[in-house]
Amino acid sequence: MRPAGNARHRPPKTMSNDPERGYRPAAVEQKWQEAWERDGTNTLTADELRSAESPFYNLMMFPYPSAEGLHVGNIYAFTGADIHGRYKRMTGHTVFQPMGFDAFGIHSENFALKVGTHPMELIPRNVANFTRQLRRTGGMFDWQHTVDTTDPGYYKWTQWLFLQLFKAGLAEHKEAPVNWCPSCMTVLANEQVIAGACERCGTPVEQRRIKQWFFKITRYVERLLENLDHIDWSETTLKAQRNWIGRSEGGELRFPVARRNGDRWEPTDQVVPVFTTRPDTVFGATYVVLAPEHPMVDVVTTPEAQAAVRDYQARTAATDLVARQKADKTKTGVFTGGRCINPATGEPVPVWIADYVLMEYGTGAIMAVPGHDERDFEFATELGLPIVRVVAGEGQQADTPLDEAYTDNRNGRLVNSGRYDGLPVDEAKSAIVNDLAKEGLGELRVNYRLHDWCVSRQRYWGPPIPIIHCPSCGAVPVPEYDLPVELPAVDDFRPDDSGVSPLARVEDWFRVPCPECGGEARRETDVSDNFLDNSWYFLRYPSTDFEDRPFDPEITRQWLPVDTYIGGNEHAVLHLLYSRFTTMALHDLGHLDFEEPYIKFRAHGLIIREGSKMSKSKGNVIVPDPIIEDYGADTFRLYLMFLGPFSEGGDYQDTGITGPHGFVHRLWESVVPKDGELPDTPPDPDVEQKLHQTIRQLSEQIPALQYNTAIAAMMEYLNVARAGGRRPSRAEVEPLVCLVAPFAPHVAEELWQRLGHEGSIFDGANWPTFDPAKAAESTVQVAVQVNGKLRGTVSVAPGTAEADLVALAKAEANVAKHLEDVQVRKVIHVPDRLLNFVVG
RNA sequence: GCGAAAGUGGCGGAAUUGGUAGACGCGCAAGAUUUAGGAUCUUGUGGCCGUUGGCCGUGGGGGUUCGAGUCCCCCCUUUCGCACCA
């Protein structure tokens, strides 16, 4: 298969002896995939990892190995990332590009339940199929450093990670109201609840109180937010993270609970704290609203109101979150009979409960300012509560009626607010909070939307949480030498409605002695969240050669943080935020010397077809295998990248693939002519100029992931080299073989070999260098306009002076015609581009 | 509702960031070569008209400019996030 001898350039006569002169993608691709495998072209040994001089860690989001197999979206993402990696390699980097499988989690488990096959049987099958398909796509994957999150050798370290966080006080076991999906029968993180429904199955989520493990990600919230200013990520992703963290500045104001004394209301020691971003409007707080499940409800509710309050609480609990969180539904609530003292006015205000106030945000209680908050306005209008104006905008007075909430928080001044009257809104905010603070009735506060990360799952298909509950010692970590806590193989892995994990049914597994006191104890029977598995996998890849440590310090210093991470924006918040947190925590615990895992992240777009996302329900899914069979992976890769900008995705059109297919054929035919031989003559100057312009363009656009225009440039170049049936020479096509290699690696290897080279085109920095002198245009077309309208063009040497250009332009018949009988008032000259006569 | 991005031929999409709109590809038309090929090659292809020329044309309307797909204002549409977050 490999050419004999060590000549870099073998004479083309060897090719005329070759019976295989036609391009047969399947044969070429199989040949090179086998060669890469055999020669270890894409793998790095432990020594190579340790000693690489210019390491480049090219990471892409590893897939969940579904039973359906690799879909076009996977191939699209991986191809875009693979091109990046291959380019880096051809420009002299040692590229580490691993691939793995994120095979734990509800997704896999649900599918296993559906088809009635045990995941331990199903997953290896899927992984094998994925691996086969991934090889076929021609990705430069290092299969010696692969990761499977369900492998005990991997999840041993996932459990280790849990224990590190536990020992650092970053894991907490507490009873909490949680999102419960009645269909998946499991707890979901807030992030997995989309508009009140389960992200996976769309079932409305209920609320339950269960003991859960939480990671205290909120301790890192400020750093997670601040670092966003310094990392090189897609703008859309940064924005999504900022939104998700949801920082808002405001104040916590305390409303003392009031007690009736005769006909007066007096403050008690108990307070209802509220969070507000508008402390300036506190004089307009005419009532207080608690979330129905707020602990203070029982304190403020009067005996007369109790029945109504209980009833409302019960109804709320029964209402699922979808219905509850519909912003457009009419607001409801009931009066508790109790009152609080408005800390600013000293007046008693009624306390209500209403389901539009959410327990999870802020303090679970609000001061309602109907005059200046739309939701409060709506509620007050519906229930006949007083509305007071405390901010007046331009042209408004203290008594200007409010027929809707006035929410402008920039231009108003305070009214009806005692000694704060006349202050602008922003000044009043701090003044009021500071004054209340002196009385212990308030303080500045920053609130976040982000919650602690709930990591326990009452499911089967995940790594058991490595904790042993002992009646006398409490929650005891499993000693590291006992890791992994292996997931037992059990036939009945179905979750049930009890809220406990299926593992809680496996008594001989969970009954263990306490590692500390030796007494009877019980394993934690929850498994950990899938997002924990993938929050650290990139640390594992380069260190899979080691079984005795999660990641080797030296290797990690050499390869991390990840140089480029490419993936879908659907993971913009969850996976990317959690893995940042994990990395930060490991950094603080002394395991890593960096705190941000990915230097550069780029989100890719989505492939759509017939105007919408590919989905089974729409029946517009493209199955990759037959396309690869018909056209070859090289053509498929080119086509996917040619559809549109990689960052934006593209519209898959079935007939379009013939374009790139023809391009590959023409390239092949140019290097391996059907008849005769590849000319070894010097390059044509015009073709050479175009070549160097193309090299320049690709060298700029590939690192920027602008693949669609890069491919267009290569097509353009080949069109020039073959214009008018011309036969290009070796010097003209050989560099193109290198340029196309990241996109179409198999055909590039084959042509490289047929050009007489030994070994892989990817070994050695074979990316062509461009010569600016050769790329320079010898003549430029200058547009000639009269009053901004194109009237002709002149062809001149670059840098031609304006005076010469004017003379040439005026000599153009059509330009002259438009300059007749008019006076040239002004000439606009853009060197080498345009000349505009302004006439009048 | 809020936020972001985007609207360019029959279609996917280009356009050096204010300077010849429609690169490249699909599709279509005509031809060459093959005539088992989704192979190859040539030419044409935004619309309209008086066709060596001209007018119109980048969702709609206004504006800035010698010059606007690109900048500004208003409106419409689509897609994607967030969604009673106080």
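Here the structure is a predicted model, which means the values were calculated and not measured.
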Would a line drawn from the ring center of [X] to the ring center of [Y] be shorter than 6.0 Å?
X	Y	answer
A/Phe770	A/His692	no
A/Phe379	A/Tyr356	yes
A/Phe646	A/Tyr76	yes

Nearest-angstrom distance, [atom1] atom, [N] to [M]:
N	M	atom1	answer
B/rG67	B/rC56	P	14 Å
B/rA4	B/rG10	P	32 Å
B/rG9	B/rU45	C1'	10 Å
B/rA68	B/rA15	C1'	13 Å
B/rA5	B/rA86	C1'	29 Å
B/rU8	B/rG60	P	10 Å
B/rG1	B/rC49	P	45 Å
B/rG7	B/rG57	C1'	16 Å

By nearest atom, which of the nucleotides [options] is closest to the [X] side chain?
X	options	answer
A/Gln653	B/rC11, B/rA86, B/rC66	B/rC11
A/Pro645	B/rG27, B/rA83, B/rA14	B/rA14
A/Thr276	B/rA86, B/rC24, B/rG38	B/rA86
A/Asn814	B/rA86, B/rG27, B/rG54	B/rG54
A/Arg449	B/rC82, B/rG53, B/rA86	B/rC82

Kindly say if [X] contacts the phosphate of [N], meaning a side-chain N or O under 4.0 Å from OP1 or OP2.
X	N	answer
A/Thr236	B/rG81	no
A/Lys331	B/rA86	no
A/Arg666	B/rA39	no
A/Asn243	B/rA83	no
A/Asn719	B/rA23	no
A/His818	B/rG54	yes
A/Asn708	B/rA14	yes
A/Arg24	B/rA39	no

Does the distance from a Lys or Arg side-chain N to an Asp or Glu carboxylate O, for [X] and [Y], drop under 4.0 Å?
X	Y	result
A/Lys331	A/Glu378	yes
A/Arg609	A/Asp654	yes
A/Arg247	A/Glu249	yes

How far apart are the closest heavy atoms of A/Pro798 and A/Ser778, and which atoms are they?
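Scanning both residues, the minimum pair turns out to be CD-O, 3.1 Å.
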
Apply side-chain hydrogen bond (donor to acceptor under 3.5 Å, both in side chains) to the pair A/Thr79 and A/Tyr639, showing each step before the final yes or no.
CA-CA 11 Å; A/Thr79 301; A/Tyr639 180 49; over 6 Å; no

If the glycosidic angle sits within 90 degrees of zero it is syn, else anti. Tell me which applies to [N].
N	result
B/rG61	anti
B/rU78	anti
B/rU35	anti

Over all strands shown, is [X] touching base, sugar-phosphate only, or nothing at heavy-atom distances under 4.0 angstrom?
X	result
A/Arg791	sugar-phosphate
A/Val274	nothing
A/Tyr631	base

Across all strands, who's sitting opposite B/rU16 as a Watson-Crick or G-U wobble pair, both distances under 3.5 Å?
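When the pairing criteria are applied, nothing turns out to pair with B/rU16, so the answer is none.
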
Hunt down the Watson-Crick or G-U wobble partner of B/rU34, both distances under 3.5 Å, from any strand shown, or write none.
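Pair assignment: B/rU34 / none.
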
Enumerate the protein-to-nucleotides 16-20 of chain B contacts in which both atoms are nitrogen or oxygen and the separation is below 3.5 Å.
from   : atom 1 : to       : atom 2 : distance (Å)
B/rU16 : O2     : A/Arg833 : NH1    : 3.3
B/rU16 : N3     : A/Arg833 : NE     : 3.4
B/rU16 : N3     : A/Arg833 : NH1    : 2.7
B/rU16 : N3     : A/Arg833 : NH2    : 2.8
B/rU16 : O4     : A/Arg833 : NE     : 3.3
B/rU16 : O4     : A/Arg833 : NH2    : 2.1
B/rG19 : O2'    : A/Arg833 : NE     : 3.1
B/rU20 : OP2    : A/Arg833 : NH2    : 3.0
B/rU20 : O4     : A/Gln781 : O      : 3.1

Could you tell me whether A/Glu669 atom CD has more than 12 heavy atoms of other residues or ligands within 6.0 Å of it?
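Check passes, neighbour count above 12.
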
Using heavy atoms to find the nearest nucleotide of RNA chain B for A/Pro660 and A/Gln706 separately, return the residue whose nucleotide is more 5′.
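Per heavy-atom nearest nucleotide, the more 5' residue is A/Gln706.
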
